[in-house]
Amino acid sequence: VQLQACGGGLVQAGGSLRLSCAASGRAFSRYGMGWFRQAPGKEREFVAAISWSGGRAFYADSVKGRFTISRDNAEHTLYLQMNSLKPEDTAVYYCAAALDESSYIASYGYWGQGTLVTVSS
């Protein structure tokens, strides 16, 4: 499966953005999906993940209550709604696909190219 993330941009602290990740191929609905991010000078970290059906989702503690992951299998698209953004949310955000949703980077075999989110204070 090929993934392409978009929707990043510059936003003020407290604002919102919605990221999208478009997947090619009909296998999208078979995969668990995740969002990860990498801030400058830091390692890539887990943000959120969702099961193939959308029935199970979980989040990093740092974004819980502010971010919502969702998916539309008919449209082959993954979303990340980000509210109450903070400067520390500034990073390149990546979507990824795995046989089973996970918070572990090594579980994901397919990655999108990343989209930059910048939150100004």
Side-chain angles (χ1 to χ4, degrees):
V1 60
Q2 292 183 321
L3 305 171
Q4 184 160 358
C6 64
L10 174 64
V11 63
Q12 288 188 331
S16 298
L17 279 177
R18 188 175 81 156
L19 306 183
S20 299
C21 175
S24 65
R26 290 177 289 181
F28 175 73
S29 62
R30 301 179 188 175
Y31 290 95
M33 299 294 297
W35 286 100
F36 292 79
R37 67 186 182 186
Q38 188 165 16
K42 296 187 177 181
E43 295 186 350
R44 194 169 298 189
E45 65 176 8
F46 169 73
V47 175
I50 190 168
S51 62
W52 67 270
S53 66
R56 176 177 178 248
F58 52 97
Y59 301 87
D61 287 343
S62 59
V63 306
K64 202 172 295 183
R66 300 187 297 121
F67 291 11
T68 302
I69 188 171
S70 62
R71 65 190 296 163
D72 184 334
N73 285 344
E75 295 296 327
H76 296 177
T77 304
L78 174 74
Y79 301 100
L80 185 68
Q81 177 67 44
M82 306 185 294
N83 299 329
S84 303
L85 282 161
K86 304 175 181 180
E88 51 264 42
D89 294 319
T90 295
V92 176
Y93 284 71
Y94 299 89
C95 57
L99 292 179
D100 293 298
E101 67 280 5
S102 169
S103 61
Y104 296 103
I105 292 175
S107 297
Y108 291 82
Y110 302 94
W111 292 83
Q113 85 288 1
T115 184
L116 176 62
V117 173
T118 303
V119 184
S120 63
S121 56

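In this text the structure is predicted, and so the values were computed from the model without any measurement.
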**OP:** Indicate, with yes or no, if Ile69 and Leu19 share a hydrophobic cluster defined by side-chain heavy-atom contacts under 4.5 Å among Ile, Leu, Val, Met, Phe, Trp and Tyr.
**Re:** yes
Original post:
Going through the checks in order, is the side-chain hydrogen bond (donor to acceptor under 3.5 Å, both in side chains) test met by Asp72 and Thr77?
Top reply: CA-CA 5 Å; Asp72 184 334; Thr77 304; over 6 Å; no
**OP:** Measure the CG-CZ distance between Leu80 and Arg18 for me, rounded to the nearest 0.5 Å.
**Re:** 10.5 Å
Original post:
Relative to each other, are the rings of Phe67 and Tyr93 parallel, tilted or perpendicular (30° and 60° limits)?
Top reply: tilted
**OP:** Could you tell me whether a side-chain N or O of Thr115 sits under 3.5 Å from a main-chain N or O of Cys6, the two making a donor and an acceptor?
**Re:** no
Original post:
Would Tyr108 end up clustered with Trp35 when hydrophobic side chains under 4.5 Å apart are linked, directly or stepwise?
Top reply: no
**OP:** Determine yes or no for a side-chain-to-main-chain donor-acceptor pair under 3.5 angstrom, with Thr118 supplying the side chain and Leu10 the backbone.
**Re:** no
Original post:
Are the charged groups of Lys86 and Asp89 less than 4.0 angstrom apart, N to O?
Top reply: no
Subject >> Parallel, tilted or perpendicular: ring planes of Phe36 versus Phe46, cut at 30 and 60 degrees >> reply: perpendicular
Original post:
Does Tyr31 have Arg71 sitting over its ring (NZ/CZ under 6.0 Å from centre, angle to axis within 45°)?
Top reply: no
Original post:
Is there less than 2.5 Å between the SG of Cys21 and that of Cys95?
Top reply: yes
Original post:
Applying the 4.5 Å side-chain criterion to the ILVMFWY set and letting contacts propagate, would Val1 and Trp52 be lumped into a single cluster?
Top reply: no
Original post:
Does Gln113 reach the main-chain N or O of Ala5 with its side chain, forming a donor-acceptor pair under 3.5 Å?
Top reply: yes
Original post:
Is any side-chain heavy atom of Glu101 less than 4.5 Å from a side-chain heavy atom of Arg56?
Top reply: yes
